[in-house]
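Start at 1 and go down the list; that is how both ligands and their atoms are numbered.
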Amino acid sequence: AAHLLGIEHLHPTEITTLLDLADHYAEQNRKGIQSKDVLAGMTQVNMFFENSTRTQSSFELAGKRLGADVMNMSMATSSVKKGETLIDTALTLNAMHPDILVVRHGSAGAVSLLSQKVNCAVLNAGDGRHEHPTQALLDALTIRRAKGRLHRLSIAICGDIAHSRVARSNIMLLGKMENRVRLIAPPTLMPSEVSELGVEVYDDMREGLKDVDVVMMLRLQKERMDGGFIPSEREYFHRYGLDAEKLSYAKDDAIVMHPGPMNRGVEIDGSIADDINRSVIQTQVEMGVAVRMAAMDLLARNLRERRAAGQVVTV
Ligand code: CP
């Protein structure tokens, strides 16, 4: 593919190919071996219109470990603040001939629209409530390494699913790889299209967590609640926060995941997040660099091939 815009259009074999390459990069990273030739001579521009700690820093590290020249656009100080549109901003950058654009934007579909206006590879680093494909891929790699497989697992995704692009991308990826996905959330935080997602639905944590292999917790995304109902944090933690008692309903060897940023004492008890026997939250961060290296490596190969065949047209 020319871009990585979402999980929706990926084939299971493409997911496996990417995860295999990411596994290789994860091992290289652990050994401190860099592969500067992979993106040598290429320019990567990171455009984050929304805040980020993990995604932006890991895309930057991934590009540098593969030898790209990496530029982080500071969107807070850019001319977007003077009214320049996303597309005009993209066309301006495109005229500087980048090879890879990494884009996070608050509107669903914005990154896809942008990809149609530029002649380089575009990676979606999160667009509104729509998709966060590299997050789902790093979660998949973390699960595969912890469980030894990525199929026929029971996986519970818990919390604010309605506002979560992480949940949407994970539901699609885990479903494509033939896992059983359970969603656990209060009815107000369940997406309206839940019956079309091919998942099991629960509003009770103990019932939903029974015998699962993987527990994936999500933050309450108040910034997307548009003035709607926001639960009290104390009440929410009591009913939906993951603590040792609720986790005891999952399998004894179930792993605990969280994409971050985490709100301790709201959706997860701090002692569970820090329990190295259960929590793989730091491994998720580690796999984030490896997955982003693999995604940019594959897109750069595709871009070089299309350029050699004269297929990359100047827009
Ligand atoms: N998981 C995730 O996307 O984190 P950031 O918002 O910090 O990038």
Side-chain angles (χ1 to χ4, degrees), residues 4-8 18-19 22 26 44-65 70-76 100-108 110-111 122-143 145-146 155 157-174 189 214-225 242 255-264 266-268 272-274 279-296:
L4 178 58
L5 300 175
I7 299 298
E8 187 174 3
L18 195 148
L19 296 184
Q44 171 191 338
V45 179
N46 296 336
M47 295 168 71
F48 279 66
F49 294 88
E50 280 190 337
N51 295 343
S52 172
T53 297
R54 283 145 286 269
T55 312
Q56 180 163 1
S57 56
S58 62
F59 263 116
E60 181 176 356
L61 263 181
K64 286 181 172 165
R65 287 188 184 162
V70 184
M71 183 176 86
N72 285 305
M73 285 280 295
S74 170
M75 301 323 295
I100 296 172
L101 276 181
V102 179
V103 187
R104 171 172 285 190
H105 197 277
S107 300
V111 184
V122 176
L123 292 101
N124 181 2
D127 63 326
R129 302 179 192 187
H130 182 228
E131 281 237 36
H132 192 350
T134 55
Q135 179 69 47
L137 288 160
L138 77 86
D139 289 339
L141 184 59
T142 306
I143 294 169
R145 287 170 70 102
I155 298 161
I157 305 178
C158 317
D160 182 4
I161 294 155
H163 301 101
S164 177
R165 57 195 175 207
V166 174
R168 273 182 58 84
S169 291
N170 262 306
I171 290 165
M172 283 187 266
L173 190 154
L174 296 169
L189 296 179
V214 177
V215 184
M216 197 180 282
M217 301 307 300
L218 299 172
R219 178 176 68 90
L220 285 175
Q221 297 184 84
K222 294 180 182 171
E223 72 276 21
R224 296 200 205 287
M225 290 186 186
L242 186 68
I255 55 170
V256 174
M257 307 180 73
H258 195 307
M262 177 164 62
N263 291 135
R264 290 168 184 259
V266 182
E267 73 273 10
I268 189 166
I272 299 289
D274 297 333
S279 165
V280 293
I281 293 171
Q282 299 308 323
T283 310
Q284 289 174 266
V285 177
E286 181 189 2
M287 293 308 127
V289 179
V291 154
R292 287 162 183 135
M293 290 170 81
M296 291 196 288

Exercise. Between Arg104 and Phe48, is NZ or CZ placed under 6.0 angstrom from the six-membered ring centre and within 45° of the ring axis?
Worked result: no

Seminar exercise, completed: From the list Leu101, Leu5, Ile100, side-chain contact (heavy atoms from CB on, under 4.5 Å) with Leu123 holds only for Ile100

For this session: Among Asn46, Asn51, Asn72, find the residue that satisfies the side chain to side chain donor-acceptor pair (under 3.5 Å) test when tested with Gln56.
Result: Asn72

For this session: Just do the side-chain contact (heavy atoms from CB on, under 4.5 Å) check on Met172 and Glu131 with the steps written out, would you?
Result: CA-CA 10 Å; Met172 283 187 266; Glu131 281 237 36; 3.2 Å; yes

For this session: State whether a side-chain donor-acceptor pair under 3.5 Å links Arg219 with His258.
Result: no

Tabulating one pair per line, provide the atom names and distances (0.1 Å) for every N/O atom of ligand 1 that is less than 3.5 Å from a protein N/O atom.
unit_1   : atom_1 : unit_2 : atom_2 : d
ligand 1 : 1 (N)  : Gln135 : OE1    : 3.0
ligand 1 : 1 (N)  : Pro259 : O      : 2.9
ligand 1 : 1 (N)  : Gly260 : O      : 3.2
ligand 1 : 3 (O)  : Thr55  : OG1    : 3.0
ligand 1 : 3 (O)  : Arg104 : NH2    : 3.0
ligand 1 : 3 (O)  : His132 : NE2    : 2.9
ligand 1 : 4 (O)  : Arg54  : NE     : 3.0
ligand 1 : 6 (O)  : Arg104 : NH1    : 2.9
ligand 1 : 7 (O)  : Thr53  : N      : 2.8
ligand 1 : 7 (O)  : Arg54  : N      : 3.0
ligand 1 : 7 (O)  : Arg54  : NE     : 3.1
ligand 1 : 7 (O)  : Arg54  : NH2    : 3.0
ligand 1 : 8 (O)  : Ser52  : OG     : 2.6
ligand 1 : 8 (O)  : Thr55  : N      : 2.9
ligand 1 : 8 (O)  : Thr55  : OG1    : 2.6
ligand 1 : 8 (O)  : Arg104 : NH1    : 3.4
ligand 1 : 8 (O)  : Arg104 : NH2    : 3.3

Problem set entry | For Phe49, all residues meeting ring-ring contact (aromatic ring centres under 6.0 Å, His included), sequence neighbours excluded | His105

